[in-house]
Number of protein chains: 4
Amino acid sequence: MAGREQEILDAARKLFRQKGYYATTMQDIAEAVGLQKASLYHYIRSKEALLLQVAGETMRLFHAELDRIEAAGGSYAEQLAAAIRAHVRVVAEHQETLTVLFRESHALPPEHAEKVRGETRRYTRRLTDLIARGVAAGEFRPVDPGAACLAILGACNWMYRWYSAEGRLSPQEIADQFVQVILHGLVLPRGGPAGTPAGV
Amino acid sequence: MAGREQEILDAARKLFRQKGYYATTMQDIAEAVGLQKASLYHYIRSKEALLLQVAGETMRLFHAELDRIEAAGGSYAEQLAAAIRAHVRVVAEHQETLTVLFRESHALPPEHAEKVRGETRRYTRRLTDLIARGVAAGEFRPVDPGAACLAILGACNWMYRWYSAEGRLSPQEIADQFVQVILHGLVLPRGGPAGTPAGV
Amino acid sequence: MAGREQEILDAARKLFRQKGYYATTMQDIAEAVGLQKASLYHYIRSKEALLLQVAGETMRLFHAELDRIEAAGGSYAEQLAAAIRAHVRVVAEHQETLTVLFRESHALPPEHAEKVRGETRRYTRRLTDLIARGVAAGEFRPVDPGAACLAILGACNWMYRWYSAEGRLSPQEIADQFVQVILHGLVLPRGGPAGTPAGV
Amino acid sequence: MAGREQEILDAARKLFRQKGYYATTMQDIAEAVGLQKASLYHYIRSKEALLLQVAGETMRLFHAELDRIEAAGGSYAEQLAAAIRAHVRVVAEHQETLTVLFRESHALPPEHAEKVRGETRRYTRRLTDLIARGVAAGEFRPVDPGAACLAILGACNWMYRWYSAEGRLSPQEIADQFVQVILHGLVLPRGGPAGTPAGV
DNA sequence: CATGAATGAGTATTCATTCAT
DNA sequence: TATGAATGAATACTCATTCAT
């Protein structure tokens, strides 16, 4: 059944995150699912294949969120805010997977590593395009869309290292803060009668 | 001599970054410095000690920059901008070390890992405090300083994964963009006299 | 059914020859007959038993041929020639089995290996006796019958390594050549009125 | 030193012969030379490399003997007799190596197996040519040189299975018998008071 | 009859580290 | 200082075989 395979994948993901890919032995995984080492090989081809599956799981999610958001439309600021919120949520919900992806994907054989990197690049490009369109539309400042995108992704992805479900802020709250910082910046527009920006 | 020790450290850092800590063998390091495996042990205690040294190198730098900036004074926005610029510069200049730090420090034994994490936390706190003071002084929006700080650190640290000296943007330019996004946000304040409050 | 068992035996023989006994897995055999690994065990006791069966198949054939030839009678030269022809034919027809027998029978457990060797020895003895009787009768040169027998068996058995159905010579032709060499030698009797021997 | 490497090679050869290549473990070899398993790898690259070395050792010897014999000249019958004697001697002296070569060389990776087979073919061709020249010169019967050569090689090589230093016949005696059978055949030329062939 | 699941025992190989020279 | 030799411990993976269904 797929049940056992899923159990193995879950155990592997958890262990890879806790101890790292190399430090996790097939023995560890076997014990975690209550099987003998050899029995694992009925369900998976190799340890590496396990890593590949774990690492490959997530990019889909990000793309799906972006699809949804673009379909929903709205101003660029609204779309970008939604994208940030979605990204934060995915990172919080799949922290384990993403930790493995970010920390261990270099252990994949070149071809697979390349595939994972390709997915990542594609996602980056989509987000960059969104920003570029916002800039072109005069809705965003004339920033460099590539750099801005990487700043945003960095802020969100970095969560994999510090987020905790027991932490002070909920994913929702984190997302609110990130949106505010990224969309409006930290600095209060100085005085003047001239308007402060509209809160998105 | 310290010369040899430094050579070994350099080789280790480079290899740890290229192939990862586990995938790098003492043999690799020995070949890189033109010694035999066994000879390395005249200079270093163990592979782990090597990792510890590499990983421990950098936090000092960040603190030093922050010292300098705080000593120089200026508005909170100026200080924060300077901190971002400094951070970006350090990441660009020590990408190798930071890659090892970010990716491999979990391979350290608990006590050492804790020490490294402690340094990191201390740096985060200093930056958070700076933001908190800016907020208290009414210079920054009333954001959550902790979240804002982590967003900034994420944006900057994430560079370890994508920055390339041959890339399109120089560290200087990257810093400019980051400062702009983080201090002023992406969204152009909508004109008009009618100021909307800094809601959100 | 015996059908399935035979199929398995055939597949095993073929694979043992192609890849060797150790390199052939039960999986390989199962795939070759379109069953699952576990299902093989309804027909056979073990992989070793399979090898034993394959290895044991052939000696019967050699003995049967010798029975037939001795029953038919004739001069010793005629009988020996017939034995060589028969042996060559059997090797050509059962090359697969004999390859396994010659190359892999040492993988059998001592007792079975001994049994196979016993059969081989018995065949060798019968052929040696035939030669010895020919020598005693003054029909053959006063050679050492044991050595002569092993020379003959070597020449014939070695075919397992080089014979090919697509080769230049048919088994019949090979047998003709072997008979000629073994019965009359390579060297042409020098001159003299004395005739060349009758071609057997 | 080469000493240890040679010891390992000797142990491997002996064990490969006794138990077969697959049934011999690196542990066995290590114990035989009084080292730990891991230590073997200071001297050899892999188990397979060990087999290759053992298997590759012998063909050189056969060629060297043939060189010597052809240089010495003499009638074709004399040369062939010398070749047979030499071959018998080499087999007796290197039975261990040849057993491994004949029985286990199919365990080599294709490219190396091919190389070994190439050497074998070259030796066969040289011997075939010698016979062919003898036939052309009218010194040998008009046999098929290829078949005759394979008969001879079979007779000699087969010794790897039955020869024993403690056996009834010395290599010298075996060679005498083989030469007699192959050069003059088993059958006594019938009739006439006239000459028996020259005993070579 | 057939098989999916499970396993125990085994196997080559790697690697950081030690130590006598 | 430098190293060749040696090793203990670990590790992923294989495979013949068993058994409940």
Practice item. Output yes when at least one side-chain N/O atom of C/Arg4 is less than 4.0 Å from OP1 or OP2 of E/dA2, else no. Key: yes
Check your understanding: Would you say a side-chain N or O of D/Ser39 is under 4.0 Å from OP1 or OP2 of F/dA5?
Key -> no
Of all the choices, [options], which nucleotide is nearest to the side chain of [X] once you look at every atom?
| X | options | value |
| --- | --- | --- |
| D/Tyr43 | F/dA10, F/dA16, F/dA6 | F/dA6 |
| C/Ala38 | E/dT18, F/dC19, F/dT17 | F/dC19 |
| B/Thr25 | E/dT13, E/dC15, F/dC13 | E/dC15 |

Expressed in angstrom and rounded to an integer, what is the separation of [X] atom [atom1] from [N] atom [atom2]?
| X | N | atom1 | atom2 | result |
| --- | --- | --- | --- | --- |
| D/Tyr22 | F/dA16 | OH | C1' | 16 Å |
| D/Asp28 | E/dA12 | CG | C1' | 13 Å |
| B/His42 | E/dT21 | NE2 | P | 15 Å |
| B/Tyr41 | F/dA5 | OH | C1' | 15 Å |
| C/Ile8 | E/dC1 | CD1 | P | 11 Å |
| C/Gln27 | E/dT7 | CD | C1' | 16 Å |
| A/Lys37 | E/dA6 | NZ | C1' | 15 Å |
| D/Lys19 | E/dG10 | NZ | C1' | 13 Å |

Exercise for review: Please state whether the rings of C/Phe62 and C/Tyr123 are parallel, tilted or perpendicular, taking 30° and 60° as the class boundaries.
Suggested key: tilted
Exercise for review: Can you tell me which stems DNA chain F forms, taking runs of 3 or more consecutive Watson-Crick or G-U pairs with both distances under 3.5 Å?
Suggested key: E:2-21 with F:2-21
Point to revise | Pairwise 5' ranking along DNA chain E for C/Gly34 and D/Ala23, keeping only the more 5' one | key: C/Gly34
Point to revise | A/Leu40 or B/Tyr21, whichever maps to the more 5' nucleotide of DNA chain E | key: A/Leu40
Check your understanding: Checking side-chain contact (heavy atoms from CB on, under 4.5 Å) for the pair D/Leu35/D/Tyr43: CA distance, chi angles, key distance, verdict?
Key -> CA-CA 11 Å; D/Leu35 282 178; D/Tyr43 301 97; 4.2 Å; yes
Practice item. Inspect the contact between B/Arg13 and B/Glu57 and indicate whether a charged nitrogen and a carboxylate oxygen are less than 4.0 angstrom apart. Key: yes
Point to revise | CA sep, side-chain torsions, deciding dist, call: C/Arg103, D/Glu104, salt bridge (charged side-chain N to carboxylate O under 4.0 Å, His left out) | key: CA-CA 8 Å; C/Arg103 205 175 53 192; D/Glu104 315 284 2; over 6 Å; no
Point to revise | Closest non-hydrogen atom pair between B/Ser46 and B/Tyr41, with its separation | key: CA-CE2, 4.3 Å
Review point. Does the pair B/Glu31 and B/Lys37 meet the rule for a salt bridge (charged side-chain N to carboxylate O under 4.0 Å, His left out), with working shown?
Key: CA-CA 8 Å; B/Glu31 276 167 23; B/Lys37 246 186 326 183; over 6 Å; no
Study note, to complete from the structure: Sorted by position of nearest nucleotide on DNA chain F, 5' first, the leading residue of C/Arg45 and B/Gln36 is B/Gln36
Practice item. Could you check A/Lys47 against C/Lys47 and say which one's nearest nucleotide on DNA chain F is further toward the 5' end? Key: A/Lys47
Exercise for review: Only one of D/Tyr22, D/Phe102, D/Tyr21 passes ring pair (Phe, Tyr, Trp, His ring centres under 6.0 Å) with D/Phe16; say which it is.
Suggested key: D/Tyr21
